[in-house]
Amino acid sequence: MFNLLRMDLYRIKRSKSLYICLGFLLFATLCIFSLLWLLTTPEGQTIALQIGMLIAGDVEDASNILNGIDILILFRQIGLDGGLYSVILGIWVMLFICSDYQNGFIKNIMAIYSNRWLYLASKLLAVGIVNLCYLVIQFGFTLLINYLFKNIVPYTKIKDVLFYLTWAWLLTMAFSALIILICIYTRSIAAGSFGAILLGSGLIVVPLYQIMHLLHLGEWLKYSIYFSLSYGPNQYTSLQDLQVFIIGIVFLVLYSITAGILLKKQDI
């Protein structure tokens with residue numbers, strides 16, 4: 001398995017998609033901070049008034065946008081709460097998995113490694129490493145940009161940051177396992193892309209919840225990956241806050257086992 005993992009990591013390092021997807025995340029962070037600087041700082045508001053982004057009567061309201069916001073909340077709102085991070089990560093996972101089918105590389109792998117569970121484990125470990133790097137790099141970039149913009153939002157306790165990043169990584173790994181499952185089942189870039197966009201952004205879960213909520217049947221959807229990522233806790237206050245870990249583990253195991261079973265039954 002570790003030989004497979006080394007090969008995967010080598011291919012990942014040389015792939016353009018890894019850096020393009022990371023670039024989108026960092027660019028989104030920079031755009032949000034630039035917008036906040038224009039709306040909430042005296043220097044930025046002067047420019048915003050000149051270019052017509054603000055009118056004089058909106059200056060006071062714009063200055064209050066960041067009330068109650070710290071660096072962790074802002075980091076969440078940039079990508080994870082709304083699904084942007086899941087979509088971008090899901091698209092990268094799709095490209096990573098489907099490339100094996102598109103170029104026929106999977107046939108060579110299976111000719112050497114007959115145990116397909118090892119193949120799946122290698123993919124999950126590789127995705128887990130990339131996912132962790134994405135989260136850490138984006139949060140580190142958020143800290144850097146906040147410093148360069150003269151700390152327009154206050155910082156968060158390190159223990160709260162570690163708590164949040166841990167369960168966010170676990171839930172996004174569960175989402176990645178779902179994308180792997182879709183790609184293994186369909187072997188289709190289009191299906192994987194639609195799955196990443198529709199499921200990661202909540203375009204399926206949110207309307208479904210609204211419809212079922214009218215029938216008083218939608219409470220179970222609050223335990224979905226999307227809702228758990230969007231509304232999970234910022235800090236540990238009680239045992240109930242550990243619910244996100246349970247949800248992440250359950251979905252990660254469920255999707256991984258299902259993907260492994262499908263892979264064993266497929267003809268490569």
Side-chain angles (χ1 to χ4, degrees), residues 1-29 79-80 84-141 165 168-197 199-200 248 251-253 255-268:
M1 181 183 70
F2 291 105
N3 287 333
L4 283 172
L5 179 60
R6 281 196 294 269
M7 286 191 295
D8 282 334
L9 293 177
Y10 178 77
R11 291 170 55 214
I12 288 170
K13 284 194 302 181
R14 297 173 62 87
S15 67
K16 294 180 181 179
S17 61
L18 174 74
Y19 305 102
I20 291 173
C21 290
L22 177 60
F24 274 118
L25 291 173
L26 301 185
F27 180 71
T29 303
L80 282 149
L84 176 65
Y85 182 89
S86 295
V87 169
I88 293 177
L89 177 65
I91 289 174
W92 177 80
V93 172
M94 175 275 298
L95 292 172
F96 175 51
I97 299 300
C98 288
S99 64
D100 284 356
Y101 291 96
Q102 297 297 315
N103 58 25
F105 185 64
I106 192 171
K107 293 182 179 179
N108 296 330
I109 295 175
M110 293 306 171
I112 301 173
Y113 300 95
S114 58
N115 189 337
R116 299 184 182 184
W117 288 101
L118 294 180
Y119 172 82
L120 179 62
S122 170
K123 297 300 179 186
L124 286 169
L125 285 173
V127 170
I129 292 171
V130 171
N131 186 18
L132 180 61
C133 290
Y134 273 7
L135 285 170
V136 172
I137 291 172
Q138 189 187 5
F139 187 77
F141 186 72
L165 290 180
W169 177 84
L170 189 57
L171 279 170
T172 48
M173 276 305 299
F175 179 74
S176 299
L178 173 59
I179 301 302
I180 292 174
L181 170 60
I182 293 172
C183 292
I184 287 176
Y185 179 70
T186 64
R187 306 185 186 187
S188 168
I189 291 177
S193 299
F194 279 117
I197 294 170
L199 296 172
F251 279 116
L252 177 58
V253 171
Y255 293 141
S256 298
I257 291 176
T258 305
I261 293 172
L262 283 175
L263 190 61
K264 288 195 68 174
K265 292 184 177 181
Q266 280 182 340
D267 292 328
I268 303 300

Student check: side-chain heavy atoms of Gln138 and Thr29 closer than 4.5 Å = yes
What are the two closest non-hydrogen atoms of Ala174 and Tyr255, and how far apart are they?
-> O-CD1, 3.5 Å
Test item: Ser15 side-chain N/O and Ile12 main-chain N/O as donor-acceptor pair under 3.5 Å = yes
Indicate yes or no: at least one non-hydrogen side-chain atom of Cys21 is less than 4.5 angstrom from one of Leu89.
-> no
Does Trp92 use its side chain to pair, donor to acceptor, with the backbone of Asn131 at less than 3.5 Å?
-> no
Separation between CG of Asn3 and CG of Leu118, rounded to the nearest 0.5 Å = 10.5 Å
Any chance you could measure Phe251, atom CZ, to Ser256, atom OG, to the nearest 0.5 Å?
-> 12.5 Å
Minimum side-chain heavy-atom gap Lys264-Trp117 below 4.5 Å | yes
Heavy-atom closest pair, residues Leu252 and Met173 | CD1-O, 3.7 Å
What closest approach, in Å, do Val87 and Gly200 show between heavy atoms, and which atom pair accounts for it?
-> CG2-C, 3.8 Å
Any chance CZ of Phe27 has more than 12 other-residue heavy atoms, nucleotides or ligands included, within less than 6.0 Å?
-> no
Just how far is it from atom CG of Leu165 to atom CG of Leu170, taken to the nearest 0.5 Å?
-> 12.5 Å
Scanning both residues in full, the closest heavy-atom pair of Met94 with Ser193 reads CE-OG, 3.1 Å
Here the gap from Phe139 atom CZ to Leu80 atom CG, rounded to the nearest 0.5 Å, amounts to 11.0 Å
CD1/Ile129 to CG/Leu124 distance, rounded to the nearest 0.5 angstrom?
-> 11.5 Å
More than 12 heavy atoms of other groups within 6.0 Å of Phe24 CZ = no
Ile189 and Gln102: CA distance, side-chain angles, deciding distance, side chain to side chain contact (heavy atoms under 4.5 Å, CB included) verdict = CA-CA 9 Å; Ile189 291 177; Gln102 297 297 315; 4.0 Å; yes
Enumerate the residue pairs fulfilling salt bridge (charged side-chain N to carboxylate O under 4.0 Å, His left out) with a member in residues 84-102, sequence neighbours excluded, ordered by first and then second residue.
-> Arg11-Asp100, Asp100-Lys123
Tyr101 and Leu263 have their tightest heavy-atom pair at OH-CD1, 3.7 Å
What distance separates Leu120 CG from Leu4 CG, expressed to the nearest 0.5 Å?
-> 11.0 Å
For residues Tyr134 and Tyr85, determine if any side-chain heavy atom of one lies less than 4.5 Å from a side-chain heavy atom of the other.
-> yes
For Thr172 and Ser86 the tightest heavy-atom approach is CG2-OG, 4.3 Å
Solution key, residues 178-186 side-chain donor-acceptor pairs under 3.5 Å, sequence neighbours excluded:
| from | atom 1 | to | atom 2 | distance (Å) |
| --- | --- | --- | --- | --- |
| Thr186 | OG1 | Ile182 | O | 2.8 |
| Thr186 | OG1 | Ser188 | N | 3.3 |

Test Val130 against Phe96 for side chain to side chain contact (heavy atoms under 4.5 Å, CB included), laying out the working first.
-> CA-CA 11 Å; Val130 171; Phe96 175 51; over 6 Å; no
Do Leu199 and Phe194 come close enough that some side-chain heavy atom pair is under 4.5 Å?
-> no
